[in-house]
Amino acid sequence: MNARSSISRGGQVRHQLYMSAELSERLAALAKKPGVTMSSILAEALGAWLDRKGVSELQERFGVRLDNLSRAVARIERNSQIEIEILALLARYLLTSIPPVAEGDDVGRAQGRERFEWFTMKVAEAFRDGRGSFGVEMGQ
């Protein structure tokens, strides 16, 4: 089909095309409305079809990847909320139930340092082994 000719008017290009008699009759009936032409109906319909086709190609090309990224972001957001809540509960517990170490209490300070070293060692082990405290594998 040679649908394009060199005739243009006002930035528009003239096309010649074939369609079924039934479709042509339906188009003519729609074009009888005031302010509507066959060209405007065809141009609008073709534009809508091309827009949908472009969207479906983008969806087909990147849809799965975007869905995977959306699920990963949702999982990260959920885990961050859990971590913030755990940290807040721990801070509240520590600040309300454990009295501060008195000045000059070197034994108490030493115990605190040992507990902190134990704590950081357990966190490092968990990261190294790829396991979390709640049985969830890290990095998922």
Side-chain angles (χ1 to χ4, degrees):
M1 177 173 97
N2 182 10
R4 184 175 178 182
S5 71
S6 62
I7 300 170
S8 68
R9 181 179 66 187
Q12 296 178 329
V13 178
R14 179 184 170 97
H15 292 267
Q16 293 180 329
L17 54 97
Y18 294 96
M19 66 179 69
S20 70
E22 178 190 349
L23 192 57
S24 178
E25 289 171 10
R26 291 173 60 192
L27 177 62
L30 282 175
K32 287 182 180 176
K33 294 179 182 176
V36 179
T37 64
M38 288 185 187
S39 291
S40 67
I41 293 168
L42 289 174
E44 187 176 327
L46 181 58
W49 184 83
L50 290 173
D51 289 346
R52 280 196 316 269
K53 184 158 180 67
V55 168
S56 68
E57 286 177 7
L58 285 174
Q59 178 65 27
E60 185 176 302
R61 182 178 241 176
F62 298 110
V64 172
R65 195 175 292 172
L66 289 173
D67 289 344
N68 289 340
L69 286 173
S70 294
R71 283 193 294 274
V73 168
R75 192 172 44 245
I76 290 169
E77 182 178 349
R78 178 183 162 274
N79 289 348
S80 294
Q81 290 173 343
I82 290 170
E83 291 164 354
I84 289 169
E85 188 62 30
I86 289 170
L87 184 60
L89 287 172
L90 178 64
R92 180 182 299 160
Y93 171 77
L94 291 175
L95 293 173
T96 59
S97 63
I98 299 176
V101 178
E103 288 291 324
D105 185 2
D106 293 336
V107 174
R109 292 191 187 284
Q111 285 179 338
R113 277 192 298 276
E114 287 176 17
R115 289 179 185 153
F116 182 74
E117 288 172 9
W118 176 86
F119 174 78
T120 56
M121 182 185 68
K122 289 297 181 185
V123 171
E125 285 177 3
F127 271 96
R128 186 184 60 235
D129 297 343
R131 60 172 172 68
S133 296
F134 301 106
V136 177
E137 287 188 35
M138 292 185 190
Q140 288 185 358

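What you see below is based on every heavy atom in this structure, not just the backbone, and it leaves out hydrogens, waters and symmetry mates.
- Distance alone, capped at 3.5 Å, places no donor-acceptor pair between the Ser24 side chain and the Ser20 backbone.
- Between the CZ atom in Arg128 and the CE atom in Met121 there is a gap of 9.0 Å [rounded to 0.5 Å].
- Proximity of Glu85 to Leu89: side-chain heavy atoms (C-beta onward) are separated by under 4.5 Å at one or more points.
- Expressed to the nearest 0.5 Å, how far CG of Asn79 lies from CD of Gln81 amounts to 9.5 Å.
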Tabulate below the donor-acceptor pairs under 3.5 Å that side-chain atoms of residues 97-115 make, not counting sequence neighbours, or state none.
{"unit_1": "Ser97", "atom_1": "OG", "unit_2": "Tyr93", "atom_2": "O", "d": "2.5"}
{"unit_1": "Asp105", "atom_1": "OD1", "unit_2": "Gly108", "atom_2": "N", "d": "3.0"}

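- One finds the NZ atom of Lys32 at 11.5 Å from the CG atom of Leu27 (value rounded to the nearest 0.5 Å).
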Pairs under 3.5 angstrom only: tabulate donor-acceptor contacts from the side chains of residues 33-51 to other protein residues two or more places apart or in another chain.
{"unit_1": "Thr37", "atom_1": "OG1", "unit_2": "Ser40", "atom_2": "N", "d": "3.0"}
{"unit_1": "Thr37", "atom_1": "OG1", "unit_2": "Ser40", "atom_2": "OG", "d": "3.2"}
{"unit_1": "Ser40", "atom_1": "OG", "unit_2": "Thr37", "atom_2": "N", "d": "3.0"}
{"unit_1": "Ser40", "atom_1": "OG", "unit_2": "Thr37", "atom_2": "O", "d": "2.8"}

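- Grouping the Ile, Leu, Val, Met, Phe, Trp and Tyr side chains by contacts below 4.5 angstrom, directly or via other members, places Trp118 with Phe127.
- No hydrogens or angles considered: nothing links the side chains of Asn68 and Arg65 as a donor-acceptor pair under 3.5 Å.
- Environment of CD in Glu22: sparse, with no more than 12 heavy atoms of neighbouring residues, nucleotides or ligands closer than 6.0 Å.
- Once rounded to the nearest 0.5 Å, the distance linking CD of Glu60 with NZ of Lys53 reads 8.5 Å.
- Cluster membership for Leu23 and Leu30, using ILVMFWY side-chain heavy atoms within less than 4.5 angstrom, is shared.
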